[in-house]
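A short write-up of the structure that comes next.
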There are 4 protein chains.
Amino acid sequence: MSPKTKAQYKQIRHDRKAAIEDAAMQLFAENGFSRVSISRIAQKAGVSKGLLYNYFTNKEALVKDIVVKGFRQMLDKLDFNFNKEITRERFIELINKNFDLLQKEISYWNLYISVITQPAVIALVKEEIFDVITPFLTALTKYYAQNNVKNPEVHSLLVGAILDGVTIDYMLGPEEYPLEAIKNLIIEKFI
Amino acid sequence: MSPKTKAQYKQIRHDRKAAIEDAAMQLFAENGFSRVSISRIAQKAGVSKGLLYNYFTNKEALVKDIVVKGFRQMLDKLDFNFNKEITRERFIELINKNFDLLQKEISYWNLYISVITQPAVIALVKEEIFDVITPFLTALTKYYAQNNVKNPEVHSLLVGAILDGVTIDYMLGPEEYPLEAIKNLIIEKFI
Amino acid sequence: MSPKTKAQYKQIRHDRKAAIEDAAMQLFAENGFSRVSISRIAQKAGVSKGLLYNYFTNKEALVKDIVVKGFRQMLDKLDFNFNKEITRERFIELINKNFDLLQKEISYWNLYISVITQPAVIALVKEEIFDVITPFLTALTKYYAQNNVKNPEVHSLLVGAILDGVTIDYMLGPEEYPLEAIKNLIIEKFI
Amino acid sequence: MSPKTKAQYKQIRHDRKAAIEDAAMQLFAENGFSRVSISRIAQKAGVSKGLLYNYFTNKEALVKDIVVKGFRQMLDKLDFNFNKEITRERFIELINKNFDLLQKEISYWNLYISVITQPAVIALVKEEIFDVITPFLTALTKYYAQNNVKNPEVHSLLVGAILDGVTIDYMLGPEEYPLEAIKNLIIEKFI
DNA sequence: TATGAATGAGGCTTCATTCAT
DNA sequence: AATGAATGAAGCCTCATTCAT
């Protein structure tokens with residue numbers, strides 16, 4: 001009815017897009033990428049199917065957007081400055097925070113794993129994911145180098161693999177998994 | 001009397017079933033469960049769609065069959081007696097064989113990961129997979145207990161997670177992954 | 001603002017749904033429920049297969065909708081107030097109208113019989129059909145009670161059965177069936 | 001193994017065919033014509049699919065055979081000589097036997113109704129059914145004529161319709177249907 | 001910006017029927 | 001007479017995407 005200013009339109013766009021992303025995120029995490037239809041996403045977001053295509057060119061673009069954005073949000077929630085020097089205490093803090101996130105955002109990790117392991121989808125997000133992971137690995141490598149560990153790159157890669165592996169195993173049966181004990185063992189062995 | 005002997009029928013059934021499983025295995029590994037249609041599998045197997053349903057109740061039964069059977073084959077190829085006591089040497093041998101298999105049977109592991117991480121499929125195979133993994137974990141646990149490690153169960157769980165994590169990371173880019181170095185580090189840290 | 005007004009959408013939905021129902025009605029009546037495919041219905045209705053599922057959850061819902069709606073329409077066409085007291089004259093009028101409908105709406109009754117006698121479909125519509133039939137039986141029962149007939153419920157049930165039986169027999173060969181004479185005999189015997 | 005005489009082969013043919021018919025009959029009655037597959041029939045009959053086609057050209061031929069044969073069996077069970085003069089007592093006996101059969105052979109009637117009301121199937125069996133029904137109607141007509149009823153043909157047709165109608169209504173909910181009372185009312189009204 | 005009706009390709013599955021043996 | 005593997009058409013249904021408004 002009333003004419004809207006450009007700023008208002010921008011706000012609307014932003015809100016709508018966020019609503020769609022939230023809905024999609026949740027549904028993907030609960031059901032897996034291929035079991036969620038655009039219809040359901042639109043419905044859950046309170047938006048028409050047509051409008052959804054106004055914001056995302058197609059379903060793949062949507063999932064790509066969500067995975068990448070989600071990854072960034074996870075990093076934000078991790079709230080860890082990878083540029084600052086990593087001390088023993090900070091490393092422990094990083095691991096702690098990481099396991100915290102795993103528990104609190106289990107549904108995101110569900111999505112992440114389910115997407116990252118679909119051969120056809122992997123190509124879409126590989127690059128972005130690597131962009132995000134690299135600082136993590138670099139920081140770890142630097143830490144190990146400073147502590148005169150022999151193969152710092154391999155150490156950091158292994159830590160990365162461990163976190164991935166624990167994530168996947170944890171998700172197979174979160175209730176019974178001894179996350180806390182595992183975490184302590186990792187700290188004991190790798191820090 | 002009879003049209004074909006029972007042995008002949010059995011042979012035919014065995015061969016056809018194997019052909020279908022092979023085709024499905026390869027396609028699932030390359031594309032992920034949900035992106036492979038029954039049509040494509042039948043075509044690749046050189047068989048009519050209808051016949052496929054003569055051997056597998058449905059698509060889920062097919063994937064279940066493949067994953068479980070594949071897992072058993074992997075264990076066979078591992079050729080490791082989990083009942084015999086695990087010594088330091090045997091543990092190293094186990095890790096070596098495991099990494100060997102990872103390299104040689106990359107397409108199976110691709111399928112395994114792709115399937116194990118799909119919410120829709122996970123429920124189907126969880127139990128069978130656990131059945132197969134349990135002896136592995138049990139043996140490791142016993143090893144750690146014998147070596148007076150404090151939390152033997154947690155140790156073996158962590159080793160399991162590491163193998164999963166390395167598998168997944170390796171598959172994201174097999175060419176550049178320093179599998180050998182990682183292996184040696186694992187041996188150094190966990191044996 | 002809005003793309004089409006809500007009224008426009010409603011109109012479209014109504015028209016399309018009616019077109020599908022008409023097509024389905026006719027085909028079901030001519031061929032029986034299980035021999036009519038969704039494809040044929042869509043084609044006859046001038047609509048895509050997909051759209052049909054926009055209006056009906058599945059084939060069962062479609063047949064249910066048609067039978068129940070048709071039954072209600074028949075009752076409407078019967079145009080008989082079952083709440084008002086039934087006199088001899090009104091009873092005769094009811095029978096007359098009923099036979100009139102049988103002749104005029106033969107294709108609906110064809111469907112009705114064809115559907116009501118299919119074990120697979122019967123469960124779907126039983127309840128709704130009973131809801132519609134009950135007032136009819138109740139009114140007849142009251143009539144017989146007022147006329148001091150001994151077993152009024154049984155009388156009205158039998159009249160119901162007669163109408164069903166005549167319907168079915170009439171449909172087996174409408175041309176030769178002496179509908180008028182049968183009607184008169186019913187009136188003579190049961191009023 | 002041992003060579004068989006012609007008589008033995010004939011016996012085998014007869015037995016096998018009967019086994020198939022019995023199985024089909026039961027399955028059709030329980031599930032309706034279109035919901036029963038040839039496979040299931042063959043399995044229940046303990047016979048291969050191929051053999052079934054040795055005895056019946058196709059599914060329609062099978063159902064036709066069963067309905068007609070079943071109808072004849074019903075008549076046999078009715079054990080009523082339509083050529084002998086019908087007295088009041090014999091008429092009552094006929095009705096009694098008819099209702100008896102309805103109760104005892106409910107599954108056959110289920111099949112009969114389900115088949116007879118499928119427009120596409122009706123053509124197949126119409127003629128045979130009429131052959132069987134005609135003596136019944138003729139006998140009734142003669143009875144009414146002898147008792148100086150005005151329209152004997154119409155009377156007998158109506159009785160036929162009533163039996164059909166009761167059959168159908170009874171089948172919609174056998175438990176609650178007052179079959180006995182209905183029977184007595186028919187006897188009271190029409191004999 | 002926003003709607004939702006409409007499409008059509010494609011997915012899974014069933015099944016009557018055939019045929020080599 | 002008998003088998004059952006094999007086919008292929010057809011059935012029901014889902015869904016990403018488009019488009020007129």
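Computed from heavy atoms alone, side chains included, the values below leave out hydrogens, waters and symmetry copies. Numbers restart at 1 for each chain; the letters A, B, ... are given by sequence-line order, proteins then strands.
An OP1 or OP2 oxygen of E:dA6 is reached within less than 4.0 angstrom by a side-chain nitrogen or oxygen of C:Arg16. Distances shown here put a side-chain N or O of B:Arg13 below 4.0 Å from the OP1 or OP2 atom of F:dA5. At the phosphate of E:dT1, OP1 or OP2 sits under 4.0 Å from a side-chain N or O atom of A:Asn54. For B:Lys59, a side-chain nitrogen or oxygen approaches OP1 or OP2 of E:dC12 to under 4.0 Å.
Mapped onto DNA chain E by nearest heavy atom, C:Ile12 and B:Asn58 fall at different nucleotides, with C:Ile12 at the one closer to the 5' end. The residue among B:Tyr55 and C:Leu51 whose nearest nucleotide of DNA chain F is located toward the 5' end is B:Tyr55. Mapping B:Ser37 and D:Tyr53 onto DNA chain E by nearest heavy atom places B:Ser37 closer to the 5' end of the strand.
The nearest whole Å value for the distance from the CZ atom in A:Arg40 to the C1' atom in E:dG4 is 19 Å. At whole-Å resolution of the value, CG in D:Leu27 and P in E:dC15 are 12 Å apart. Nucleotide E:dA6 holds its C1' atom 17 Å from the NZ atom of C:Lys17, rounded to whole Å. At whole-Å resolution of the value, CD in B:Glu60 and P in E:dG11 are 17 Å apart. For the pair A:Lys49 NZ and F:dA16 C1', the interatomic distance rounds to 9 Å; values are reported in whole Å. Going from atom CD1 of C:Ile41 over to atom C1' of F:dC13 covers 13 Å, rounded to whole Å. If you take NZ of C:Lys10 and P of E:dA5, they are 13 Å apart, rounded to a whole angstrom. As a whole-Å value, the separation of A:Leu52 CG from F:dC19 P is 17 Å.
You'll find a donor-acceptor pair under 3.5 Å spanning the side chain of B:Tyr9 and the base of F:dT3, going by distance alone.
Among all heavy-atom pairs drawn from A:Ile20 and A:Ile41, the shortest one is O-CG2, 4.0 Å. Contact record, D:Ser107 with D:Ala29: O-CB, 3.0 Å, taken as the closest heavy-atom pair.
In this structure, C:Phe71 and C:Tyr108 have perpendicular ring planes: the angle between them is above 60°, well past the 30° mark.
Here the side chain of A:Asp65 pairs no donor or acceptor atom with the backbone of A:Ala61 at under 3.5 angstrom. Side-chain atoms of B:Gln26 never come within 3.5 Å of backbone atoms of B:Ala23 as a donor-acceptor pair (strictly under, hydrogens ignored). Of the possible donor and acceptor atoms, one in the side chain of B:Lys59 sits under 3.5 Å from a partner among the backbone N and O of B:Val36.
No engagement by D:Phe56 is indicated, since no non-hydrogen atom pair under 4.0 Å with the nucleic acid exists. Among the heavy atoms of the strands lying under 4.0 Å from C:Ile38 are primed sugar atoms or P, OP1, OP2 only; no base atom is included.
The pair B:Lys44-B:Glu21 fails the salt-bridge criterion, with no side-chain N (NZ, NE, NH1 or NH2) lying under 4.0 Å from an Asp/Glu carboxylate O. The pair A:Arg40-A:Glu30 does not meet the salt-bridge criterion, since no charged nitrogen lies less than 4.0 angstrom from a carboxylate oxygen.
Where pairing requires Watson-Crick or G-U contacts shorter than 3.5 Å, the helical stems of DNA chain F with at least three consecutive pairs are E:2-21 with F:2-21.
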